[in-house]
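The chains referred to below are lettered A, B, ... by the order of the sequence lines, with proteins before strands, and numbering in each begins at 1. This structure is a prediction, so every number in the text was calculated from the model and none was measured.
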Amino acid sequence: MDELIQYVGEKTGIAREVNLPDFRAGDNLTIKLKIREGSKERIQSFQGDVIQISGTGKTKTFTIRKISNGIGVERIIPLNSPAIDEIVVNKRGKVRRSRLFYLRDRVGKKARIKERRTSKK
Amino acid sequence: MQGLIGRKIGMTSIFDEEGKNIACTVIEAGPCVVTQVKTADNDGYDAIQVGFGEKKEKSTTQPLQGHFKKADTTPKKKVVEYRDCELDVNLGDVLTIESVFEEGDGVNVIGTSKGKGFQGVVKRHKFRGVNDATHGQHNRQRAPGSIGAASYPAKVIKGMKMAGRMGGKRVKVRNLYIVKMLPEKNLLLINGAIPGHKGSFVIIEK
């Protein structure tokens with residue numbers, strides 16, 4: 001039965017020209033989203049930390065959090081969304097869990113994520 | 001009315017042309033076999049009877065075995081009638097989703113809802129309960145309250161909403177539509193949720 005759901009995903013997904021980069025929880029991303037206002041389309045970017053990746057297959061989503069004017073803002077974005085124009089990975093984060101909900105209770109310096117530096121090969 | 005019998009596979013979501021994310025239920029519908037064509041002259045009304053789902057011959061009664069043999073097919077688990085069908089079909093025809101539906105068609109779907117067991121009034125009838133744990137409440141948070149007056153009528157009127165078995169009933173959901181069809185695997189994607197657990201039979205009518 002699950003194979004059939006998977007089959008539906010393969011048949012209904014959008015064909016993306018540019019592959020999205022790999023990222024995980026703790027990474028800092030800039031997401032460029034296509035926003036339609038009336039007949040016009042423009043790009044809006046959203047920069048923040050990934051605090052959760054959830055789901056599988058074509059219904060996979062990620063939650064991204066930023067602090068805007070002192071207020072925490074979170075967006076849940078489906079990875080397969082046609083509204084995504086581009087994803088840029090700004091910084092890789094070093095975290096010890098896959099869901100970073102503890103960040104919600106932290107402000108200021110405590111809400112920072114250490115950078116994960118990888119040696120270039 | 002026309003339609004097919006199917007099996008609920010599960011739920012997923014897809015994006016439409018406008019970029020909207022639509023939650024939909026995947027149904028494996030058909031191929032169904034026409035097991036009987038009823039006519040007004042013969043049976044008093046016009047209808048077609050279709051069957052779906054394989055069944056062992058040894059667990060089929062002989063009268064039913066004969067019935068399926070007439071349509072030149074194997075015994076079927078689920079048999080449904082569609083009255084006043086607009087399709088031109090004959091006995092033994094195989095109906096696939098392509099021959100019955102088109103993308104965007106409005107449909108109603110019938111299924112057997114998930115059994116919930118013995119449930120109280122708050123869950124079963126959406127009673128509000130007592131939203132207060134203090135002010136003299138003890139064991140009363142989810143109680144039904146009064147069920148009627150006293151010496152007159154001196155009985156509880158019939159149909160009073162009380163605790164009891166919930167779910168496991170035939171439920172029809174109306175005004176759904178077909179989001180997408182995948183004929184090569186007999187799959188229908190219908191918007192929204194559909195009653196029943198995965199693998200259960202559902203009846204789709206157009």
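- Crowding of B:Gln62 atom CD: a count of heavy atoms from other residues, nucleotides or ligands under 6.0 Å not exceeding 12.
- Within 6.0 Å of CZ in A:Arg96 there are 12 or fewer heavy atoms belonging to other residues, nucleotides or ligands.
- Within a 6.0 Å radius of NZ in B:Lys38, other residues, nucleotides and ligands contribute more than 12 heavy atoms.
- For the atom pair A:Leu4 CG and B:Thr12 OG1, the distance stands at 12.0 Å (nearest 0.5 Å).
- Summarising the geometry, atom CG belonging to B:Asn21 is positioned 9.0 Å from atom OG1 belonging to A:Thr59; distances are rounded to the nearest 0.5 Å.
- The environment of CZ in A:Arg36 is sparse: at most 12 heavy-atom neighbours from other residues, nucleotides or ligands sit within 6.0 Å.
- A heavy-atom distance below 4.5 Å is not found between the side chains of A:Lys58 and B:Phe15.
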